[in-house]
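Data block below; observations after.
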Amino acid sequence: MPAADPSTPFRATLISMPWAMFNRPSLQLAALKAYLEREMDAEITTCHPYLDLAAAIGCDTYRRISEAGWAGEALFAPLVFPERHQQAARVFRRSLKKTTGDRQIPDFENLVRSIDETCRHWLAGHDFSKCRLIGFSVCFNQLLPSLYLAGLIGERGNGPAIVFGGSSCAGRIGQSLLRQFPRIDYVIDGEGERPLLGLCVYLDGQSGSLPEQVGGRNMVPAAPCPQIEDLNLLPLPDFAPYFARMATLFPALPFIPVLPLEFSRGCWWNRCAFCNLNLQWQGYRRKCAERLHAEVETLVRRHQCLDFTFTDNALPQGQANLFFRRLGESVEDCRFFAEIRGTTRPEQLETYSKGGLKTIQVGIEALSTSLLRKMVKGVTAIENIAMMKFSLACGIRLEGNLILAFPGSTVEEVRETMEHLDFVLPFRPLATAVFFLGHGSPVHRSPGDYGISGVSPHKNNRALFPPGVLDGLEMLAMDYRGGQTAQRHLWRPVIGKIALWRRFHEGRGESGQPALGYRDGGSFLIIRQELADGPPLQHRLRGLSREIYLFCGRIRTKAEVLRQFPPLSTADLDRFLAELRQKLLLFQEGEQVLALAIHQSSRQTRQDR
């Protein structure tokens, strides 16, 4: 290794490849740049070639491909492995058709050529002669694009060291990448700041050994990684290079970026059987509300953006309450997206909404409590339905999935799901997601517990990678043997019913009133109920019936209802609840009940804010 010149700063370039979302900067690159430049004498350049590609093929085409999962990887496969061209084309068309339906699918050959030309043109505009390290942040759908550009850089000869890091390089996955691809010199396993700093110090000649968390050609990273314990001590991410490049490529400003925020790392639940999103984290850490509020205020002033997305797997509830309460008192009209747990209480959602949280992703996953137990979700069906109701009542858009064909799911769980879908008709439809086996998930670690008899590479990876290469790789997504055909047949009716659910809401359009809402007359309620197959119905509840229904506006037990209304007998309550269930106005699970109608006027008030 040549001796470093102590009079010059250490220079490195960090790259985020397609198919990152073009309308947001890379938080990974911005955070690492700010940290490295604070901790050592360094000049860190961050590059977002996905912006160049979005400009070349059009933002709408780029967005469609980035949302189609495997389609983006398939477009780079022929550039890395020319012999996989035809197989990659089939994966591209199949993946894009799943997400876009009958919309016109862009021509595969033209896109591959455009990608190749764009990447080569981008590379020609960069001089890495004074650069000591080039790092690739490799997350979902960025592996083949990163391998391709790393290969082009390697073709120049005598180039800087190439390092891969990110969620797609965790554990044995990263080690296998090192073995199979000589173009990669190092792999960082886990959280990037400290290991990357140690690697830079090593390459700068200030240390005689690699950090234990950095894998080299003949070295395996050690665990656990040296994480940042107090996230409040991290510097503010530096997004300036993204905005500079965006201004060059899109001078007419066709979009205003959404800025990523990091409230926490890891997941405070971290038990879901199917989840492998926390392979790079050890434990759960969070920032305080005051630090994050200051971060948002600075980013608003610096970049004149008002839309933010949290990268967290689950918001820290206590600090999130404080953060959104303070944002609710702010003059800035910020809007946020976040992933939250299904156990979030109604009053928390109200606080979140007032503070600007307008879209949430909730891990609904199932509407059967026994299936939720198998998934180790820590919630019940009635709690999931309550989340769907309360988010709608607060004016928050809920995005969630139902996982279909989870290994070991039963006929009874499918029947239960079908029945419960009738009760959630008034709420925003869920998307469907067929279960996939993720590397490092609890199901993957104990496949026999879920009836899985064998594990193999995912069919799309078998199409995109040559057998001799794939045999030596560990990948994030895998296929398995053990009841898949039977499970998909079992869940087919659910797919049909969800399609009807979606058509019902598409037919409603942007209606200003909920599909199931009530108005309060003081001594009576009028409930308006839209149906999937008929005109709306009107229901009137008087006196004690009104009081019970309002009391059950949040999850209650039958015992609580009887204590609240002492003259009421168990038999009378059971008859009343049965009547409301039959009309789909109330959901009951065991001894728990939940009234489903939303106070119509309060929701309209929130929408008008």
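The main-chain N or O of E262 is found under 3.5 Å from a side-chain atom of K287 such that the two form a donor-acceptor pair. A donor-acceptor contact shorter than 3.5 Å is absent between the side chain of K377 and the backbone of L372. In this structure, the side chain of N270 does not engage the main chain of G283 through any donor-acceptor pair within 3.5 Å. At least one donor-acceptor pair closer than 3.5 Å links the side chain of R291 to the backbone N or O of L234. Listed for the S441 side chain is no donor-acceptor partner under 3.5 Å among the backbone atoms of L437. Judged by distance alone, with hydrogens and angles left aside, the side-chain atoms of S409 form no donor-acceptor pair with the main-chain N or O of A405 at under 3.5 Å. Under a 3.5 Å cut-off, the side chain of D107 and the backbone N or O of N110 do form a donor-acceptor pair. Using a distance-only test at 3.5 Å, with no hydrogens or angles considered, a donor-acceptor pair links the side chain of N384 to the main chain of I364. A donor-acceptor pair is defined here as one N or O able to donate and one able to accept, closer than 3.5 Å; no such pair exists between the side chain of E474 and the backbone of S176. A donor-acceptor distance shorter than 3.5 angstrom exists from the side chain of R183 to the backbone of L147, with no hydrogens or angles considered.
Listed by chain and number, the residues in a ring-ring contact (aromatic ring centres under 6.0 Å, His included) with H121 amount to none (sequence neighbours excluded). Shown here are the ring-ring contact (aromatic ring centres under 6.0 Å, His included) partners of W269, two or more places apart in sequence or in another chain: there are none. Residues meeting the ring-ring contact (aromatic ring centres under 6.0 Å, His included) test with F435, sequence neighbours left out: F406, Y480.
Checked by atom type, the side-chain pair S209/Y202 shows no donor-acceptor distance below 3.5 Å. At a cut-off of 3.5 Å, with distance as the only test, no side-chain donor of N313 or R265 sits close to an acceptor on the other residue. Side-chain contact of Q142 with S137: a donor-acceptor pair under 3.5 Å is absent, judged by distance alone. No side-chain N or O of T432 forms a donor-acceptor pair with one of W491 less than 3.5 Å apart.
Two rings, from F22 and Y50, have their centers 6.0 Å or more apart. You'll find the ring centres of H85 and F108 inside the 6.0 Å limit. Proximity of the aromatic rings of F263 and F336 is defined here by a centroid distance below 6.0 angstrom, and this criterion is not met. Aromatic rings of W19 and Y62 (six-membered ring for Trp) have centroids within the 6.0 Å cut-off, being under it. Between F337 and F310, the gap from one ring centroid to the other reaches at least 6.0 Å.
Environment of CD1 in I495: crowded, with over 12 heavy atoms of neighbouring residues, nucleotides or ligands closer than 6.0 Å. Enclosure of atom CZ in R38 by more than 12 non-hydrogen atoms of other residues, nucleotides or ligands within 6.0 angstrom is indicated. Within a 6.0 Å radius of CE in M40, other residues, nucleotides and ligands contribute more than 12 heavy atoms. Annotation for E83: atom CD counts as buried by contact number, over 12 foreign heavy atoms lying within 6.0 Å.
Note that CG of D52 is 4.0 Å distant from CZ of R245, once rounded to the nearest 0.5 Å. Interatomic distance, SG of C47 versus NE2 of H126, reported as 4.0 Å (0.5 Å rounding). Note: T309 OG1 to L259 CG = 10.0 Å, rounded to the nearest 0.5 Å. Interatomic distance, CG of D479 versus OG of S456, reported as 5.0 Å (0.5 Å rounding).
Side-chain contact between W268 and R286 is absent, with no heavy-atom pair separated by less than 4.5 Å. Within the 4.5 Å cutoff, the side chain of F10 has no heavy atoms near those of the V201 side chain.
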Apply side chain to side chain contact (heavy atoms under 4.5 Å, CB included) to F323 and V296, showing your working.
-> CA-CA 10 Å; F323 172 76; V296 169; 3.9 Å; yes
**Asked** Would D116 and R113 count as a salt bridge (Lys or Arg N to Asp or Glu O under 4.0 Å) if you check the C-alpha gap in whole Å, the side-chain angles of each, and the deciding distance to 0.1 Å?
**Response** CA-CA 5 Å; D116 190 27; R113 282 194 294 271; over 6 Å; no
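Between I340 and the choices D312, L315, L398, the side-chain contact (heavy atoms from CB on, under 4.5 Å) rule is met once, by L315. Among F465, Y148, F76, the single residue meeting the ring pair (Phe, Tyr, Trp, His ring centres under 6.0 Å) criterion with F81 is F465.
Using a 4.0 Å cut-off between charged nitrogen and carboxylate oxygen, K98 and E67 do not count as a salt-bridge pair.
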